[in-house]
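Quick notes on the structure that follows.
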Amino acid sequence: MTAPADGGSATDPAGATADVDLDELGRLAVDLAERAGEAIVELRDGAVATTTTKSSPTDPVTEADRAAERLIVDGIRRARPDDTITGEEGADHVGTSGLEWHIDPIDGTTNYVYGLPAYGVSVAVGRGERMLAGAVANPVAGELFAAVAGRGATLNGDPIRVGRPVELSAALVATGFGYAAERRRGQAAVVAALLPEIRDIRRMGSAALDLCAVACGRVDAYYELGLNRWDFAAGVLIAAEAGARCTDLGGGPPSTEFLVAASPELHGPLTRRLVELGA
Ligand code: LIP
């Protein structure tokens with residue numbers, strides 16, 4: 001179905017979905033995430049031996065990351081040659097359509113290298129900061145999370161929603177940490193102060209899967225400082241379409257500066273506490 005070219009509305013500012021077939025975008029994101037997920041599982045045994053590092057000695061990348069990104073980019077270029085593409089492993093194609101794809105071929109690469117079964121392929125497409133469709137595949141778990149703007153979120157095709165409202169003191173909160181030692185020092189201080197005030201922390205190692213966990217109520221909230229857009233572009237759409245409120249610390253759109261995702265009732269108390277703790 002092609003969205004109406006209405007020039008924009010309250011739920012569709014600036015006509016972000018005007019003249020765009022949202023279903024086509026959704027199907028393409030799902031297909032590419034699934035196929036890339038299959039590929040990284042098949043490649044893993046050989047890929048781990050090709051592990052190198054990027055921004056720090058603890059920021060790994062493998063040949064599987066690069067191969068999966070090539071697979072996704074090739075699929076987008078064939079289907080939608082005029083779209084812009086940005087990927088974690090260097091994909092950087094400037095298009096003319098106004099739509100941009102955000103690719104993380106393996107989100108949770110450390111888990112992938114160690115064999116921890118929590119890594120995802122994240123594929124999203126949007127116009128500016130407004131995501132229109134996204135998919136996150138966790139191939140070892142056989143799980144495919146997906147969302148199309150305005151049409152809800154699904155896990156393996158079944159609708160998902162954020163968990164029941166909880167007080168901050170009863171909240172299970174996921175978070176993650178950067179690769180730079182100094183940033184980790186500050187993040188550790190924040191999580192150490194927060195931990196006694198909540199149910200517990202989960203550090204699962206993939207922002208995309210953390211956001212999908214919020215979307216289906218496996219955790220009550222997720223926050224992290226300093227992600228890349230390819231880490232969270234799909235997961236934020238999935239979480240928001242599942243009923244989560246997703247913002248930065250100031251209540252603006254989630255950003256590469258900061259991201260908080262939680263049920264609407266929990267989002268305010270958690271965000272205020274994170275601000276107080278200097279997150
Ligand atoms: C990861 C993020 C995670 C963060 C890790 C890492 P990568 O992305 O998904 O939330 O805590 O430090 O940045 O590097 O595996 O694609």
Side-chain angles (χ1 to χ4, degrees), residues 33 36-37 39-41 43-44 47-48 50-69 72 86-91 101-124 134-141 143 145 173-188 190-191 194 201-215 218-219 221-239 244 246 248 254-262 274 279:
I40 64 175
V41 170
L43 290 168
R44 185 178 175 278
V48 170
T50 66
T51 304
T52 56
T53 57
K54 297 187 293 186
S55 66
S56 82
T58 58
D59 179 6
V61 60
T62 74
E63 181 45 45
D65 294 82
R66 290 184 280 268
E69 185 160 296
I72 296 167
T86 303
E88 178 170 12
E89 306 317 335
W101 293 80
H102 306 270
I103 302 167
D104 191 339
I106 303 179
D107 189 52
T109 303
T110 299
N111 290 347
Y112 181 75
V113 169
Y114 276 80
L116 290 167
Y119 44 86
V121 178
S122 180
V123 181
V136 175
N138 180 347
V140 288
E143 293 186 332
F145 296 87
V173 179
T175 191
F177 310 111
Y179 288 117
E182 271 317 298
R183 169 164 287 185
R184 294 166 71 80
R185 199 179 312 279
Q187 292 172 310
V190 171
V191 74
L194 186 66
I201 283 287
R202 291 292 183 270
R203 198 295 194 240
M204 294 183 280
S206 164
L209 294 183
D210 287 329
L211 286 160
C212 290
V214 172
R218 292 174 180 169
V219 296
Y222 165 66
Y223 74 89
E224 189 158 350
L225 167 72
L227 290 168
N228 291 294
R229 191 164 294 275
W230 50 65
D231 290 318
F232 66 78
V236 161
L237 177 66
I238 292 164
C246 305
D248 64 7
S255 72
T256 54
E257 176 58 31
F258 207 93
L259 184 158
V260 187
L274 287 169

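Start at 1 and go down the list; that is how both ligands and their atoms are numbered. Computed from a predicted structure; not experimentally measured. Note: hydrogens, waters and symmetry copies are ignored here, and every other heavy atom, side chains too, is used.
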Identify all side-chain donor-acceptor contacts of residues 202-214 below 3.5 Å with residues at least two apart in sequence or on another chain.
{"unit_1": "R202", "atom_1": "NH1", "unit_2": "D200", "atom_2": "OD2", "d": "3.1"}
{"unit_1": "R203", "atom_1": "NH2", "unit_2": "F177", "atom_2": "O", "d": "3.2"}
{"unit_1": "S206", "atom_1": "OG", "unit_2": "D107", "atom_2": "O", "d": "3.3"}
{"unit_1": "S206", "atom_1": "OG", "unit_2": "D107", "atom_2": "OD2", "d": "2.7"}
{"unit_1": "S206", "atom_1": "OG", "unit_2": "L209", "atom_2": "N", "d": "3.1"}

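Protein residues are said to neighbour a ligand when one of their heavy atoms lies under 4.0 Å from it; for ligand 1 these are E88, D104, I106, D107, G108, T109, G176, F177, Y179, R203, G205, S206, A207, Y222, E224, L227, D231.
Considering NE2 of H102 and CG of N228, their distance stands at 12.0 Å, rounded to 0.5 Å.
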Step-by-step side chain to side chain contact (heavy atoms under 4.5 Å, CB included) determination, Y222 to L259: CA-CA 8 Å; Y222 165 66; L259 184 158; 3.8 Å; yes
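At a threshold of 4.5 Å between non-hydrogen side-chain atoms, the residues V113 and T110 do not count as touching.
Partners of R184 by salt bridge (Lys or Arg N to Asp or Glu O under 4.0 Å), not counting sequence neighbours: none found. Considering only residues two or more places apart in sequence or on other chains, R66 meets the side-chain contact (heavy atoms from CB on, under 4.5 Å) condition with T52, V61, E63, R70, E89.
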